[in-house]
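Take a look at the structure below.
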Amino acid sequence: AIHSSSNMLEQSLFGASIEAENTEFTLSSEPLPGNEPLDDSQPRGPPAGGDNLLIATVNSGTPGATLDLSDPSVAASVDALLTEALAIWQAYADATGDAALQAALSTLGTVVVTTDTDGTFNQFQLATAVANTITLDADAGGYGWFIDATPDANEEFETVAGSDVLAATTSDAENGVDLLTVLLHEIGHLLGYGHDAANDDALMAESLDRGVRLMPQASLDSTVAGTA
């Protein structure tokens, strides 16, 4: 079911709803019981960010899109991306046979997406996730978002040899921060994953470049406390 009211988007694994209220997007981790996020005191982004996802580099170029969830077409696009992000996590859990992840997904409940409009984000902050609410920076730290119209395909990206990175091949994808990747990252926090300080190319890395798409991969296992 989908309904709208001011600038907030809600989504569950089995359904979706959109509400409009304050546009707010933040990134933080709420671990599963018994799973504490890793120490992320040494982020790769410009300032220290704690559990916040940061833009990796300051670079020039044409900015991507700004998020306005009061616009029905934007809200519908973000809803589609959130639906796809949840489906990707479910597919990863099923493919790996990870019973703990499957259980976490089954109990995740409704995920709310909103944007930061009260100035709490610093210049480099992209998002945070707390208590099933993902808060995004409306303009992705000033660099803008790539809002993929076909999130179930990766036609705007190509695989980088020897890494898990998908690199943008179109100007729209190149210029913006990939919103699908950020939603995947924030859902990872909601599922109990901490930041991966050891792998710059990991989905749960502490910062993200423009023009890059990342997916769940085997290295995720090392970002949950108590897992080798």
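Heavy-atom basis, side chains included; hydrogens, waters and symmetry copies ignored.
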query = How are the rings of Trp89 and Tyr193 set to each other: parallel, tilted or perpendicular (split at 30° and 60°)?
reply = parallel

query = Any side-chain heavy atom of Ile88 sitting closer than 4.5 Å to one from Leu180?
reply = yes

task = Can you measure from CD (Gln125) to OG (Ser207) and round to the nearest 0.5 angstrom?
result = 13.0 Å

request  = Keeping the roles fixed (side chain from Asp200, backbone from Ala205), state whether a donor-acceptor pair exists under 3.5 Å.
outcome  = no

Atom of Asn132, atom of Gly109 and distance for their closest heavy-atom approach = ND2-C, 4.0 Å

query = Taking only residues at least two apart or on different chains, which pairs with a member in residues 142-160 satisfy salt bridge (charged side-chain N to carboxylate O under 4.0 Å, His left out)?
reply = Asp148-Arg213

Worked check of side chain to side chain contact (heavy atoms under 4.5 Å, CB included) between Glu174 and Arg210 = CA-CA 6 Å; Glu174 227 168 36; Arg210 292 197 298 177; over 6 Å; no

Minimum heavy-atom distance between Pro151 and Ala80, given as atom pair plus value = CG-O, 4.1 Å

ask   = With a 4.5 Å limit on heavy-atom distance, are the side chains of Phe146 and Asn175 in contact?
value = no

query = Less than 4.5 Å apart, any side-chain heavy atom of Leu67 and any of Val78?
reply = yes

ask   = So how far is it from Leu191 CG to Tyr92 OH, rounded to the nearest 0.5 Å?
value = 11.5 Å

key: Heavy-atom donor-acceptor pair, His195 side chain to Glu206 backbone, under 3.5 Å   = no

Polar contact flag, side-chain donor to acceptor under 3.5 angstrom, Asp94-Gln90 = yes

request  = Could you check if a side-chain atom of Met215 sits within less than 4.5 angstrom of a side-chain atom of Leu184, using non-hydrogen atoms only?
outcome  = yes

ask   = Mind checking whether Asp196 and Asn199 have side chains closer than 4.5 Å, heavy atoms only?
value = yes

Qualifying salt bridge (charged side-chain N to carboxylate O under 4.0 Å, His left out) pairs with a residue from residues 99-111, counting only residues at least two apart or across chains = none

query = Any donor and acceptor pair, going by atom type alone, linking the side chain of Asp178 with main-chain N or O of Thr181 inside 3.5 Å?
reply = yes

query = Cut-off 3.5 Å, side chains only: do Thr96 and Asp98 have a donor facing an acceptor?
reply = no

message = How long is the straight-line distance from CG of Asp209 back to CG of Asp201, given to the nearest 0.5 Å?
response = 9.5 Å

ask   = Do the non-hydrogen side-chain atoms of Leu190 and Val111 ever get within less than 4.5 Å of each other?
value = yes

request  = Let me see the working for Val182 and Trp145 under side chain to side chain contact (heavy atoms under 4.5 Å, CB included), right down to the final yes or no.
outcome  = CA-CA 10 Å; Val182 172; Trp145 295 101; 3.6 Å; yes

message = So Ile134 and Leu183, do their side chains get closer than 4.5 Å, heavy atoms only?
response = yes

request  = Taking atom types as modelled, find out whether Asp71 and Ser73 have a side-chain donor-acceptor pair closer than 3.5 angstrom.
outcome  = yes

query = Within a strict 4.5 Å, meaning less than it, do heavy atoms of the Asp137 and Leu126 side chains meet?
reply = no

